[in-house]
Amino acid sequence: MKVKIIAEIAQAHDGSLGMAHSYIDALAKTGVNTIKFQTHIADAESSIYEPFRVKFSKQDKTRFDYWKRMEFTLSQWHELKQHCDDVGLEFMSSPFSNAAVDVLEEVGVSSYKIGSGEVNNLLLLEKIAQTGKPIILSSGMSSYKELDEAVNFLTSKGANFSILQCTTSYPTLPEEYGLNVISELKERYNVPVGFSDHSAQIGTGITAVAMGAEILEFHAVFNKEMFGPDVSSSLTMPEIALLVKSVRNFEQALNNPIDKSDNSEFKDLKAIFEKSLAINKNLDKGHIIEFSDLEAKKPANKGISASKFQDVIGKETTRVIKQWEFLNIEDIK
Ligand SMILES: C=C(OP(=O)(O)O)C(=O)O
């Protein structure tokens, strides 16, 4: 088992190409597999009527203005992809219009992500399916009826796809994670399933992986005091590095099941940890040993094993035994 870990930059660059490049360098040090952007082309995906989800900047009069400010040119996208290639990370970007798919095809992506808001945008699904590339479909806000439709559509196009459990809520609270949906999606669609996390907690991703997520995506941010609609649901670089390390540890554990029927490798340790029977009070010769006379002390193999205490009860001592002495087989008859 190997989890695909995707760090989502989305709009954390706030429209700055330099900042976008800085994120690539910083994330390359965390061990993630993939860096994901969002390719926004305001004219193709939005209009002046789109309301704000989070309004945080006075300079963007409308959300359309905001998307406009988040655009990169084709040559800038090429640069970003090249930078990801240079640091050995997969470049991904979610398209929000068919025009954005054309940009990403020019740039040369190897797979596509479909954000939760696009599940019912069959026009976009058709365009992405036409590329023949693997697809990761997110599922926030979607009912099973809607997902069934998207899945049937992608299946009818012969698409190779996986699905992410996602709750569109920023930040997502524990009662909203829907970790149960991971196994439900797997059972319902029989495709690889992952988790798109907006909780801003590293424990959520680790738990999702433990519950079967094969793809893990989360938002990245340099600092939680920065501007941006996703900041409150994002992880910082040290948090991401710790999350990646934890997921890799989990994979290694899962890929190495241990055999509890053979404990021979613990022979020496058992001699240190285990115990031998001892006497907890001064006993005369001829005393009949009772349960209340016994204690178990370290190390093992100093006398009768503590596991054999029942064989000792009712036996007669053959000598005077002092408090805290070990009990040996020749001390009883
Ligand atoms: C919005 C996106 O994804 P999700 O719905 O998984 O957050 C995205 O990938 O751009």
Side-chain angles (χ1 to χ4, degrees), residues 3-14 20 23 27 32-42 44-46 50 52-54 63 66-67 70-72 77 80 84 90-101 103-104 109-121 124-125 127-128 133-143 146-147 150-151 154 161-173 176-179 181-182 185 191-201 204-205 208 213-221 228-235:
V3 179
K4 180 181 175 103
I5 304 182
I6 305 174
E8 159 81 302
I9 295 175
Q11 272 64 247
H13 51 69
D14 200 41
Y23 272 110
L27 285 165
V32 299
N33 302 105
T34 303
I35 289 187
K36 197 179 80 54
F37 290 90
Q38 293 183 357
T39 300
H40 291 283
I41 300 175
E45 73 184 52
S46 181
E50 182 184 351
F52 274 100
R53 171 161 70 79
V54 185
R63 198 153 194 226
Y66 173 71
W67 294 132
M70 295 304 119
E71 288 180 1
F72 290 134
W77 282 120
L80 291 168
C84 288
E90 182 193 15
F91 167 91
M92 275 185 90
S93 187
S94 304
F96 288 85
S97 60
N98 288 16
V101 177
V103 168
L104 294 173
V109 293
S110 50
S111 60
Y112 278 94
K113 166 84 191 291
I114 298 175
S116 298
E118 308 299 321
V119 168
N120 292 323
N121 181 358
L124 179 66
L125 269 57
K127 178 81 175 171
I128 294 175
K133 293 180 180 165
I135 296 168
I136 300 174
L137 175 71
S138 207
S139 66
M141 302 176 286
S142 292
S143 65
E146 289 167 307
L147 277 181
V151 162
L154 290 175
F161 63 94
S162 42
I163 305 182
L164 306 186
Q165 158 54 12
C166 175
T167 301
T168 305
S169 168
Y170 305 87
T172 313
L173 303 175
E176 303 169 322
Y177 296 168
L179 293 171
V181 179
I182 294 170
L185 289 172
V191 294
V193 169
F195 188 68
S196 175
D197 188 12
H198 297 119
S199 71
Q201 309 283 336
T204 317
E214 296 168 65
I215 301 167
L216 181 61
E217 184 184 307
F218 43 80
H219 282 263
V221 75
D230 302 313
V231 169
S232 67
S233 19
S234 301
L235 297 174

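Every number for a ligand or one of its atoms is a count from 1 in the order of the listing. Counting from 1, the numbers follow the sequence of the chain as shown.
No donor-acceptor pair under 3.5 Å is formed between the side chain of Ser142 and the backbone N or O of Leu147. Between the side chain of Glu71 and the main chain of Ala42, a donor-acceptor pair closer than 3.5 Å is present. Between the side chain of Lys133 and the backbone N or O of Val109, at least one donor-acceptor pair lies under 3.5 Å. Not a single donor-acceptor pair under 3.5 Å links the side chain of Ser94 to the backbone N or O of Gln38.
Ligand 1 places these atoms under 4.0 Å from at least one heavy atom of Ser196: 4 (P), 6 (O), 7 (O). Under a 4.0 Å criterion applied to the non-hydrogen atoms of Phe96, ligand 1 contributes the atoms 10 (O). Per-residue contacts place His198 under 4.0 angstrom from the following atoms of ligand 1 (heavy atoms of the residue considered): 7 (O). Heavy-atom contacts of Ser94 reach the following atoms of ligand 1: 8 (C), 9 (O), 10 (O) (cutoff under 4.0 Å).
Side-chain atoms of Thr34 and Glu90 include a donor-acceptor pair closer than 3.5 Å. In summary, the side chains of Thr167 and Glu176 do not present any donor paired with an acceptor at a separation below 3.5 Å, with no hydrogens or angles considered.
Residue Lys113 holds the heavy atom nearest to atom 9 (O) of ligand 1 of all those in Met92, Gln165, Gln11, Lys113.
The nearest protein atom to atom 2 (C) of ligand 1, hydrogens excluded, is given as Gly115 CA, 3.5 Å; this is a heavy-atom distance. In this structure, the protein non-hydrogen atom closest to atom 5 (O) of ligand 1 is Ser116 OG, 2.5 Å. In terms of protein heavy-atom proximity, atom 10 (O) of ligand 1 is closest to Gln38 NE2, 2.9 Å.
Heavy-atom separations between Glu118 and ligand 1 are all 4.0 Å or longer. Gly140 does not count as a contact of ligand 1, since none of its heavy atoms falls under 4.0 Å from the ligand. The closest approach between Glu8 and ligand 1 falls below 4.0 Å for a heavy atom of the residue.
In this pair, His198 and His219 present their aromatic rings tilted. The plane angle is within the 30 to 60° band. Classified by interplanar angle (parallel below 30°, tilted 30° to 60°, perpendicular above 60°), the ring pair Phe96/His40 is parallel.
Heavy atoms of Tyr170 found under 4.0 angstrom from ligand 1: none, in either backbone or side chain.
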